[in-house]
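Read through the structure below, which is laid out as structure tokens, and then see the notes.
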Amino acid sequence: MAADISRAGVEKAYGRWAPVYDLVFGKVFDAGRQSTIAEADRIGGRILDVGVGTGLSLSDYSRTTKICGVDISEPMLRKAQARVRSLRLSNVEVLSVMDAKNLAFPENFFDAVVAQYVITAVPDPEGTLDEFVRVLKPGGELILVNHIGAESGPRKLFELAFAPVARRLGWRPEFPWDRLVNWAAKHGGVTLAERRPMPPMGHFSLIRYVKA
């Protein structure tokens with residue numbers, strides 16, 4: 001499937017978002033962030049947080065959970081690094097600029113991979129999901145929270161109409177559930193453990209896969 005957004009475009013968009021991201025999205029996405037953190041802390045060990053952004057989530061993880069955070073946007077990551085220093089988050093092992101589809105980590109390295117609001121903001125969602133599973137240990141969990149597009153009705157029409165604007169802002173709004181279903185079936189090495197509706201208005205989902 002051809003990419004409908006580009007890495008350069010996403011990197012540029014989130015560089016622009018960096019100064020105001022916490023203010024604009026902090027409260028709106030808090031329920032999804034807290035839910036993914038709770039699941040990651042339940043697993044424990046070493047967690048990869050992809051799209052760590054400004055580091056809003058970092059202080060909410062248990063201090064016994066080891067965190068490696070990556071993001072495509074250097075301006076966003078600078079804010080995360082400042083947060084780690086100011087809060088003395090000694091459990092954060094790594095913060096690095098990195099492409100989610102080309103992770104510089106070995107296979108079977110993490111106990112869980114967390115990706116909050118990431119999958120609709122990468123050029124190749126399926127390839128990126130494959131990469132997440134690659135770095136997971138067998139039995140490890142891939143924990144996503146993301147907008148899932150409407151299958152029909154007025155919301156689907158709105159998402160389609162809004163799509164060109166959304167892409168300039170750094171994401172795609174029309175991302176159907178079937179796309180994840182088809183990815184998991186093709187991959188063959190993961191099992192869906194949970195899909196849970198998330199605020200705002202249940203248009204988002206917390207999704208957990210377990211690696212075989």
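The chain is numbered in sequence order, starting from 1.
You'll find the side chain of Lys101 stays beyond 4.5 Å of the side chain of Val122, heavy atoms only. The side-chain heavy atoms of Pro125 and Phe175, taken from C-beta on, include a pair separated by under 4.5 Å. Side-chain contact check for Val133 versus His187: some heavy-atom pair is nearer than 4.5 Å.
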Requested in this report: Please test Leu77 against Val52 for side chain to side chain contact (heavy atoms under 4.5 Å, CB included), starting from the C-alpha separation and ending with a verdict.
Outcome: CA-CA 8 Å; Leu77 208 59; Val52 70; 3.5 Å; yes

Query raised in the report: Would Arg42 and Glu141 count as a salt bridge (Lys or Arg N to Asp or Glu O under 4.0 Å) if you check the C-alpha gap in whole Å, the side-chain angles of each, and the deciding distance to 0.1 Å?
Result: CA-CA 11 Å; Arg42 172 182 57 80; Glu141 290 196 13; 3.0 Å; yes

Query raised in the report: Should Glu39 and Arg196 be marked as a side chain to side chain contact (heavy atoms under 4.5 Å, CB included) after you check the CA-CA gap, both sets of side-chain angles, and the distance that decides it?
Result: CA-CA 12 Å; Glu39 294 297 336; Arg196 186 193 317 169; 2.9 Å; yes

Report task. Determine, step by step, whether Leu129 and Ile119 satisfy the side chain to side chain contact (heavy atoms under 4.5 Å, CB included) criterion, reporting the C-alpha distance in whole Å, the side-chain angles of both residues, the deciding distance to 0.1 Å, and the verdict. Result -> CA-CA 8 Å; Leu129 290 165; Ile119 293 304; 3.6 Å; yes

**Report entry** Stepwise side chain to side chain contact (heavy atoms under 4.5 Å, CB included) test for Ile207 and Leu142
**Finding:** CA-CA 8 Å; Ile207 304 153; Leu142 170 56; over 6 Å; no

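Atom CG of residue Leu58 and atom CG of residue Leu95 lie 6.0 Å apart, to the nearest 0.5 angstrom. Interatomic distance, CE of Met198 versus OG1 of Thr36, reported as 9.0 Å (0.5 Å rounding). In this structure, OG on Ser73 lies 10.5 Å from NZ on Lys79, to the nearest 0.5 angstrom. Going from atom OG1 of Thr191 over to atom OH of Tyr209 covers 10.0 Å, rounded to the nearest 0.5 Å. Atom CD in Gln116 sits 3.5 Å away from atom OG in Ser57 (nearest 0.5 Å). For the atom pair CG of Asn146 and OG1 of Thr120, the computed distance is 4.0 Å after rounding to the nearest 0.5 Å.
In this structure, the side-chain contact (heavy atoms from CB on, under 4.5 Å) partners of Ala193, at least two apart in sequence or on a different chain, are Arg208, Val210. For Arg195, the salt bridge (charged side-chain N to carboxylate O under 4.0 Å, His left out) test picks out no residue, with sequence neighbours left out. Under the side-chain hydrogen bond (donor to acceptor under 3.5 Å, both in side chains) criterion, Ser96 pairs with no residue, sequence neighbours left out. Remark: Arg134 pairs with Glu131 by the salt bridge (charged side-chain N to carboxylate O under 4.0 Å, His left out) rule, at least two apart or across chains. Considering only residues two or more places apart in sequence or on other chains, Asp60 meets the side-chain contact (heavy atoms from CB on, under 4.5 Å) condition with Gln34, Ile37. Remark: Thr65 pairs with Asp41 by the side-chain hydrogen bond (donor to acceptor under 3.5 Å, both in side chains) rule, at least two apart or across chains. Not counting sequence neighbours, Asn91 has no partner by the side-chain hydrogen bond (donor to acceptor under 3.5 Å, both in side chains) test. Qualifying side-chain hydrogen bond (donor to acceptor under 3.5 Å, both in side chains) partners for Ser86, counting only residues two or more places apart in sequence or in other chains: none. Taking the salt bridge (charged side-chain N to carboxylate O under 4.0 Å, His left out) definition, one finds that Lys66 meets it with nothing, sequence neighbours left out. Taking Arg85 as the reference, Gln81, Ala82 meet the side-chain contact (heavy atoms from CB on, under 4.5 Å) condition, with sequence neighbours excluded.
Minimum heavy-atom separation, Leu192 to Glu194: CD1-O, 3.5 Å. Nearest heavy-atom pair across Ala80 and Gly55 is CB-N, 3.6 Å. Contact detail for Val145 and Gly32: the closest heavy-atom pair is CG2-CA, 3.9 Å. The shortest heavy-atom contact between Ala100 and Thr128 is CB-CG2, 3.7 Å. When all heavy atoms are compared, the tightest approach of Ser62 to Thr64 is OG-OG1, 2.8 Å. For the residue pair Ile143 and Ala40, the shortest heavy atom distance occurs at CD1-N, 3.8 Å.
A donor-acceptor contact shorter than 3.5 Å is absent between the side chain of Asp178 and the backbone of Val181. No side-chain donor-acceptor contact under 3.5 Å links Asp71 to the backbone of Val97.
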Can you give the donor-acceptor pairs under 3.5 Å from side chains of residues 104-112 to other protein atoms, not counting sequence neighbours?
unit_1 : atom_1 : unit_2 : atom_2 : d
Asn108 : OD1    : Lys211 : NZ     : 2.9
Asp111 : OD1    : Lys137 : NZ     : 3.2
Asp111 : OD2    : Arg46  : N      : 2.8

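Cluster membership for Val94 and Val70, using ILVMFWY side-chain heavy atoms within less than 4.5 angstrom, is not shared.
Residue pairs that meet the ring-ring contact (aromatic ring centres under 6.0 Å, His included) test with at least one member in residues 31-73, sequence neighbours left out, do not exist here.
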